[in-house]
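It should be emphasised that the depicted structure is a prediction, and the values quoted were computed from it without experimental measurement. Below, all heavy atoms of this structure are taken into account, side chains as well, without hydrogens, waters or symmetry copies.
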Amino acid sequence: MTSNHPAHSTTPRTGTASSHGKTILIGEHAVVHGAPALVLPVTDVRVTATVEPLAAGVGSSLESAVHTGPLDVAPAAVLPTVTAVTATLRWLGVPDQPVHVRVESAVPTARGMGSSAAVAAAVTAAVADAFGIALDAEAHHELVQECERVAHGRPSGLDARGVVADAPVWFDGGRVEPVVLGGRFVFVVADTGVPGHTREAVASVRERLERDPAATRRAIEAIGDLARRARGTLEDGDAQALGATMDAAHDLLGGLDVSSTDLDRLVATARGAGALGAKLTGGGRGGCVLVLAAADDHADRIGTALRGAGAAATWTTTIGDRA
């Protein structure tokens, strides 16, 4: 990928950018096998990156919760972040420009909320901003995907799209579309406190598909149908119907053995608190649950109940009309 904006034409400055977390609204695991999926931005859980160009001859450095120190001795855990810096500088045409990068992230790692993609999105945009350049959507996506390949090998692109979107994103057969919302929806995300085991869960579903293809394919197709139905409920502004699709999706995912005792406990707690719908989100076997509330005060009550049931943290996020 080559830059159309050589950075040497712009005086360096302190750059800043932010992104946010994401969850999968409907479509976990099924999307791996060709079914559609809906990705939900979690706009209230944010990452902010600040980039300061340094004088020539000074080594680049990183300041973050995982590593603070020279960029060239950063541990493997932050290699995607290092890639975000180096790839963007290369795209800008200034690969040898030293910078100091500060990352502040509220997106938890290994919880299915797109932490690595969110950090990459913020850092790549902040590096470009330090040279007065705003990345267009596709250049930004490709830079984030380069970082995600370092983090995950063969990323689908769901995370890279979700962490910069301000509305749900529809994925279907390689097609990516924003979803037009017909109303306001209030969600609670609750962290079990247990890291998700996405790779293990994906492998388990694949093995189940080989062992019992007919039943497993039916479940995958049913989840895909729920994703299509959920898109319609978002466009119609029908929160009650959306909640029903979430409940049904959780039950199907449980049948695929990708839930866990912790996830099921939080889902049951949310339903007991009157949630319109509740399900695991992400790879499963740990990670987070996603809950649909009727209103802001209802979300507060659900969050309190979930923390009382053992959730390590909860966040409330709203999509649609915020008025």
Side-chain angles (χ1 to χ4, degrees), residues 20-28 37-46 106-108 111-114 162 165-169 179-194 196 226-227 229-254 259-282 284 286-323:
H20 51 72
K22 70 90 179 109
T23 65
I24 296 180
L25 179 53
I26 305 279
E28 293 90 346
L38 278 165
V39 176
L40 177 74
V42 183
T43 56
D44 298 80
V45 185
R46 303 197 68 79
V107 182
R111 298 297 193 274
M113 292 183 69
D166 57 7
V169 179
V179 177
V180 177
L181 299 171
R184 184 174 186 270
F185 299 86
V186 184
F187 295 90
V188 179
V189 183
D191 181 6
T192 61
V194 179
L226 288 173
R229 194 181 310 167
R231 179 174 181 171
T233 65
L234 288 169
E235 293 171 339
D236 293 340
D238 191 341
Q240 290 282 352
L242 178 60
T245 68
M246 293 171 64
D247 285 342
H250 182 77
D251 294 344
L252 285 167
L253 290 165
S259 191
S260 69
T261 301
D262 295 311
L263 290 165
D264 288 342
R265 182 179 70 254
L266 293 185
V267 165
T269 298
R271 291 174 178 173
L276 301 182
K279 61 180 286 292
L280 70 85
T281 180
C288 294
V289 300
L290 179 65
V291 181
L292 181 59
D296 297 271
D297 57 347
H298 187 211
D300 291 340
R301 294 195 300 275
I302 290 172
T304 298
L306 289 167
R307 292 190 297 275
T314 63
W315 304 270
T316 298
T317 193
T318 305
I319 59 171
D321 181 12
R322 290 175 176 265

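Atom CG of L280 and atom OG of S259 lie 5.0 Å apart (nearest 0.5 Å). Here CG of L242 is found 8.5 Å from CG of L38. Values are rounded to the nearest 0.5 Å. Here T245 contributes atom OG1 and I26 contributes atom CD1; the two are 4.0 Å apart, rounded to the nearest 0.5 Å. Here the straight-line distance linking atom CG of L266 with atom CZ of R307 works out to 12.0 Å at 0.5 Å rounding. F187 contributes atom CZ, which lies 11.5 Å from atom OG1 of T316 (distance to the nearest 0.5 angstrom). Here CG of L290 is found 12.0 Å from CG of L263. Values are rounded to the nearest 0.5 Å.
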* **side-chain contact (heavy atoms from CB on, under 4.5 Å) evaluation trace for I302 with T314** => CA-CA 9 Å; I302 290 172; T314 63; over 6 Å; no

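Formation of a donor-acceptor pair under 3.5 Å by the R265 side chain with backbone atoms of A309 is found in this model. A donor-acceptor distance shorter than 3.5 angstrom exists from the side chain of T281 to the backbone of I24, with no hydrogens or angles considered. In this structure a side-chain-to-backbone donor-acceptor pair under 3.5 Å is missing from K22 to T43. Counting only distance, with no hydrogens or angles, the side chain of D247 and the backbone of A278 share a donor-acceptor pair below 3.5 Å. The backbone N or O of L25 sits less than 3.5 Å from a side-chain atom of K279, completing a donor-acceptor pair.
In terms of heavy-atom proximity, L306 sits nearest to A190 at CD1-CB, 3.7 Å. The nearest pair of heavy atoms linking V186 to A299 is CG1-CB, 3.8 Å. Across all their heavy atoms, C288 and M113 have their closest contact at SG-SD, 4.0 Å. The two residues G27 and A37 come nearest to each other via the heavy atoms CA-CB, 4.0 Å. Scanning all heavy atoms of the two residues, the minimum distance from S260 to G286 falls at OG-N, 3.9 Å. Of all non-hydrogen atoms in T192 and G287, the two that sit nearest each other are OG1-O, 2.8 Å.
In this structure, the side chains of E28 and L253 come closer than 4.5 Å at one or more pairs of heavy atoms. The side-chain heavy atoms of W315 and P108, taken from C-beta on, include a pair separated by under 4.5 Å. Within the 4.5 Å cutoff, the side chain of L234 has heavy atoms near those of the P168 side chain. Inter-residue side-chain proximity for V291 and H298 is flagged as unmet; no heavy-atom pair is nearer than 4.5 Å. No side-chain heavy atom of T317 sits less than 4.5 Å from a side-chain heavy atom of V45.
A donor and an acceptor atom, one from each side chain of H20 and D166, are nowhere located under 3.5 Å apart.
For residues 232-246, every residue pair satisfying the salt bridge (charged side-chain N to carboxylate O under 4.0 Å, His left out) rule, not counting sequence neighbours, is listed here: R231-E235.
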